[in-house]
Amino acid sequence: MSLWILLPGVFGVALLLTWMLRRYALSRSLMDIPNARSSHSVPTPRGGGVAIVLAYLAVLPLVGYQGWLSWPLVVGLMGTGALVAVIGFLDDHGHIAARWRLLAHFVAAAWLLAWLPALPRLALLGTSFDLGLIGYVLAAVMLVWLLNLYNFMDGIDGIASVEAITVCVGGALLYALVGIPMLATAPLLLGAAVAGFLVWNFPPAKIFMGDAGSGFLGVVLGGLALQAAWVAPQLLWAWLILLGVFVLDATFTLLRRLLRGDKVYEAHRSHAYQYASREYGAHLPVTLAVLAINVLWLLPWACVVALGYIDGLLALLIAYLPLAVLAVRFRAGRLEST
């Protein structure tokens, strides 16, 4: 089956499912009610990210059948994504203690890593390293951090969707640059599923993604990054560069809150993007700024890394530096009262 048939098909399925989930949420009063720690001011249906999960999981077996992705990775992504989405869905509809969520997240990460043929070698300063057992530990931590930071960063209209789409399209371009365009299928189809949801989530949002969708996106993007690194080691750095806005803001904020002694599992609105949305009085300028940063700044750096023109770690540090300046400028992690 042609990719050019699948892409609009996945987009349409996600679009329709989001509409259905919105009607369901409205009928059952499954609403996100604004409170002192919210970045929105109007009660809004939640849980629309389930549409992304269902649309992507439905098409993944076909991706494996067509040979666009290895079957072990398809099984790994489906199992990991489904477990993370179920945990997020249950948490959206009730409450699961943070320790049990974290345990489930590491189990999901372990499932994905178990299906990889091997861990990719780490490309660093012109040399590649096999990290052995410690590599699996670091990879698990990376996956768990990505899925959680995606939850943290899904706080204003459209931002998580725009991030996922630009990262997926950027990741597909990287495959084309290194001469393996066939592997671009998996990220492009994920981007199509998110685009269908974004129609309903674009500012002002008519439905929110919820933990089921945001956690799913974080862990699947992490899995695709590991797949890319397995094909070409420098692509891990390129994918981390593409994810820079979310990685830098979430990590900077977390570290600042940890150093202050805050309970980091408690809800807050002290990320840089949240301060920025309040400063500008709307979500749209911040979401569009993320789009611009990803396309005009991060993507070119990821491309030069993929082509081997610069060391991945060095490029990542250069690409992240302005993001760190923005995090300081918009007071990431600072107590709102100050």
Side-chain angles (χ1 to χ4, degrees), residues 10 13-14 17-18 21 24 30 46-64 69-119 135-154 160-161 163-164 167-168 186-187 189-191 193-194 197 208-230 239 243 246 250 265:
V10 170
V13 168
L17 286 174
T18 307
L21 287 165
Y24 172 79
L30 300 175
R46 63 175 184 266
V50 172
I52 300 171
V53 176
L54 295 177
Y56 194 61
L57 291 184
V59 79
L60 266 181
L62 185 55
V63 173
L69 207 59
S70 68
W71 273 111
L73 187 60
V74 168
V75 174
L77 286 174
M78 291 186 69
T80 296
L83 176 55
V84 169
V86 168
I87 294 298
F89 181 84
L90 294 175
D91 198 47
D92 281 339
H93 289 72
H95 177 69
I96 300 176
R99 62 182 179 277
W100 299 118
R101 290 202 309 273
L102 189 62
L103 176 62
H105 293 164
F106 273 104
V107 170
W111 172 267
L112 176 55
L113 294 174
W115 284 96
L116 291 179
L119 266 190
Y136 282 94
V137 174
L138 293 174
V141 171
M142 184 193 83
L143 290 171
V144 172
W145 178 226
L146 280 174
L147 79 87
N148 279 282
L149 75 81
Y150 227 93
N151 285 336
F152 301 155
M153 295 295 291
D154 178 31
S161 301
E163 175 78 358
V167 170
C168 286
L189 288 171
L190 180 59
V194 180
F197 168 77
F208 293 154
M209 186 177 291
D211 287 355
S214 59
F216 176 84
L217 284 178
V219 77
V220 170
L221 288 172
L224 292 176
L226 289 176
Q227 157 70 7
W230 193 76
W239 272 75
L243 288 160
F246 273 30
Y265 53 83

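- The two residues Leu21 and Gly47 come nearest to each other via the heavy atoms CD1-O, 3.9 Å.
- With a 4.5 Å cut-off on side-chain heavy atoms, Leu113 and Leu143 count as touching.
- Residues Ala160 and Tyr150 come closest through the heavy atom pair O-OH, 2.8 Å.
- Checking side-chain atoms of Thr80 against main-chain N and O of Ala109 turns up no donor-acceptor pair under 3.5 Å.
- The CG atom of Leu147 sits 5.0 Å away from the NE2 atom of His105 when rounded to the nearest 0.5 Å.
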When the side chains of residues 211-226 are checked against the rest of the protein, which donor-acceptor pairs come out under 3.5 Å, sequence neighbours left out?
unit_1 : atom_1 : unit_2 : atom_2 : d
Ser214 : OG     : Asn151 : OD1    : 2.2
Ser214 : OG     : Gly210 : O      : 3.2

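- By the 6.0 Å contact criterion, CH2 on Trp145 is enclosed, its count of non-hydrogen atoms from other residues, nucleotides or ligands being greater than 12.
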Would you be so kind as to tabulate the donor-acceptor pairs closer than 3.5 Å made by side chains of residues 69-77, with sequence neighbours excluded?
unit_1 : atom_1 : unit_2 : atom_2 : d
Ser70  : OG     : Leu73  : N      : 3.4
Trp71  : NE1    : Gly64  : O      : 3.4

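- Interatomic distance, Ile87 CD1 to Leu102 CG, rounded to the nearest 0.5 Å: 11.5 Å.
- Put simply, the side chain of Leu189 reaches to within 4.5 Å of the side chain of Tyr56, judged on heavy atoms.
- Under the 4.5 Å side-chain criterion, counting only non-hydrogen atoms from C-beta, Ile52 is in contact with Met209.
- By the side chain to side chain donor-acceptor pair (under 3.5 Å) test, Glu163 is found to be paired with Asn294, residues two or more places apart in sequence or in another chain being considered.
- Here Phe152 contributes atom CZ and Leu149 contributes atom CG; the two are 7.5 Å apart, rounded to the nearest 0.5 Å.
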